[in-house]
Structure formats: C-alpha cells, structure tokens
Amino acid sequence: MISSSQNDDRTSVVALAGRRIDAESAGAQRFPLANVEAVAAALAQTLADLHAIALVSSAACGADLLALKAAQSLSIPAHIVIPYVRDAFKQSSVIDRPAREIWEPLFDDAIGRAAAHGALTNLALKPDDPNAYQAANRAIFDIARRMASERGARPVAIIVWEGAPRPGDDLTARFRQMAEEAGFETKTVPTL
C-alpha cells in the first residue's frame with residue numbers, strides 16, 4: 001500500500017530517500033532482500049502516478065538504486081547526490097550489504113549516466129564526516145525544489161521505509177521530517 005498526503009495530476013519533481021537493504025546481521029527487518037521486486041514495482045508505479053519529470057536521490061543500495069532504475073525505465077531524468085568520492089561511497093553504501101552483484105552494476109550504471117549528463121553532485125565531504133549523509137539529504141531537497149520551481153512542477157518527497165524510526169539517529173525519519181518542514185508533498189513506499 002502506498003500512502004500519500006495529497007493527490008494531484010500535475011507533473012512533479014521527486015526527492016527520494018529510504019532504507020538500504022538489511023545487513024545480514026540486522027536484528028530488525030527494515031528492508032529485506034526478499035522484498036526488492038515488490039518495492040521496485042511500487043516505486044515505478046509511484047513515479048508514473050506522480051507524473052514525475054525528474055528524480056533527485058542518492059545512490060545507495062536499496063531504495064535509491066531501485067528508484068534510479070525505475071526512473072531510467074520510465075525515461076525520467078535523474079540527478080544523483082553523493083556526499084563524498086564515488087569509490088568511498090560505493091564501499092560504504094552500496095557493496096557492503098547482501099546482493100553486491102545486484103547493487104554494484106546498478107550503481108556504476110546510474111553514476112555513469114548521471115555524470116555523462118551533468119547530473120551528478122559530489123559534495124566532496126570526508127567519508128568520516130558524521131554529517132555527510134544529512135548534508136546529502138539537504139542537497140537533494142535543494143536541487144529538487146529548484147528543479148520543481150524552474151519547471152513549474154510540484155515538489156514531492158518519496159520516503160521508502162517500513163514506517164518506524166530506528167532508535168537513535170535515523171536518516172530516513174529525518175528525511176521525512178525535512179520534507180514536511182520544506183512543504184513537500186509526501187508519499188511513502190513501504191519496504192515490508
């Protein structure tokens with residue numbers, strides 16, 4: 001089930017963030033590998049329903065890469081934001097989880113396409129910066145807001161998660177909060 005805070009047939013620019021695939025040692029399930037196909041299908045349907053004309057996200061395994069793949073299949077241009085150099089990001093956010101053989105080629109393809117079209121933003125932060133991912137989320141919103149304004153589209157945030165904040169610092173929950181504070185319409189695509 002996909003939930004929404006609003007419904008509108010106008011075009012949209014989508015800011016997206018969400019869960020990565022669960023680590024093998026994960027205690028609680030948030031995005032099990034077995035749910036990849038269902039989430040991918042829901043993302044494609046949501047982007048189509050929103051009449052998305054652009055997607056802005058990062059490129060981590062799980063929600064980000066599935067959304068980027070869906071956008072490509074729907075011919076929706078994508079802008080990717082990464083917090084630091086490509087190889088370090090790939091190590092820490094793409095190939096460190098199960099199914100590396102799925103995520104690595106998706107990442108390489110998405111990053112290559114974005115770079116070729118001038119649609120890759122590298123914030124050039126240090127990989128050990130504790131605020132790097134939060135800075136990437138802010139940049140995703142800034143870029144999506146600017147693109148929506150330039151194109152006369154509505155800004156929409158898609159949050160891909162199970163709907164329950166993790167204890168401590170949960171970047172997906174913070175992304176959702178940022179979307180609401182920024183006045184973005186919000187949609188949720190569940191991972192469970």
Distance (rounded to the nearest 0.5 Å) between I159 CD1 and R176 CZ | 7.0 Å
Would you give the length of the straight line joining atom CG of L55 to atom CD1 of I158, rounded to the nearest 0.5 angstrom?
-> 7.5 Å
Identify whether the distance between the nearest side-chain nitrogen and carboxylate oxygen of [X] and [Y] falls below 4.0 Å.
X    : Y    : result
R20  : D96  : yes
R174 : D169 : yes
D108 : K90  : yes
R138 : D142 : no

Heavy-atom neighbours of E150 CD exceed 12 at 6.0 Å = yes
Take atom CD in E181; do more than 12 heavy atoms of anything else shown fall under 6.0 Å from it?
-> yes
Are any non-hydrogen side-chain atoms of [X] and [Y] less than 4.5 angstrom apart?
X    : Y    : result
Y84  : L123 : no
I80  : T121 : no
L120 : H79  : no
R86  : N122 : no
S58  : I82  : yes
F141 : M178 : yes

Worked verdict on I53 versus T11 for side-chain contact (heavy atoms from CB on, under 4.5 Å) | CA-CA 6 Å; I53 58 171; T11 60; 3.8 Å; yes
Taking atom types as modelled, find out whether Y133 and S93 have a side-chain donor-acceptor pair closer than 3.5 angstrom.
-> yes
Taking atom types as modelled and ignoring hydrogens, do the side chains of Q91 and D87 form a donor-acceptor contact shorter than 3.5 angstrom?
-> no
side-chain contact (heavy atoms from CB on, under 4.5 Å) between F175 and D170, intermediate numbers included = CA-CA 9 Å; F175 184 87; D170 186 325; over 6 Å; no
For [X] and [Y], which heavy atoms make the closest approach, and how far apart are they?
X    : Y    : value
P105 : I102 : CD-O, 3.5 Å
P98  : A23  : CD-CA, 4.2 Å
V39  : P190 : CG2-O, 3.6 Å

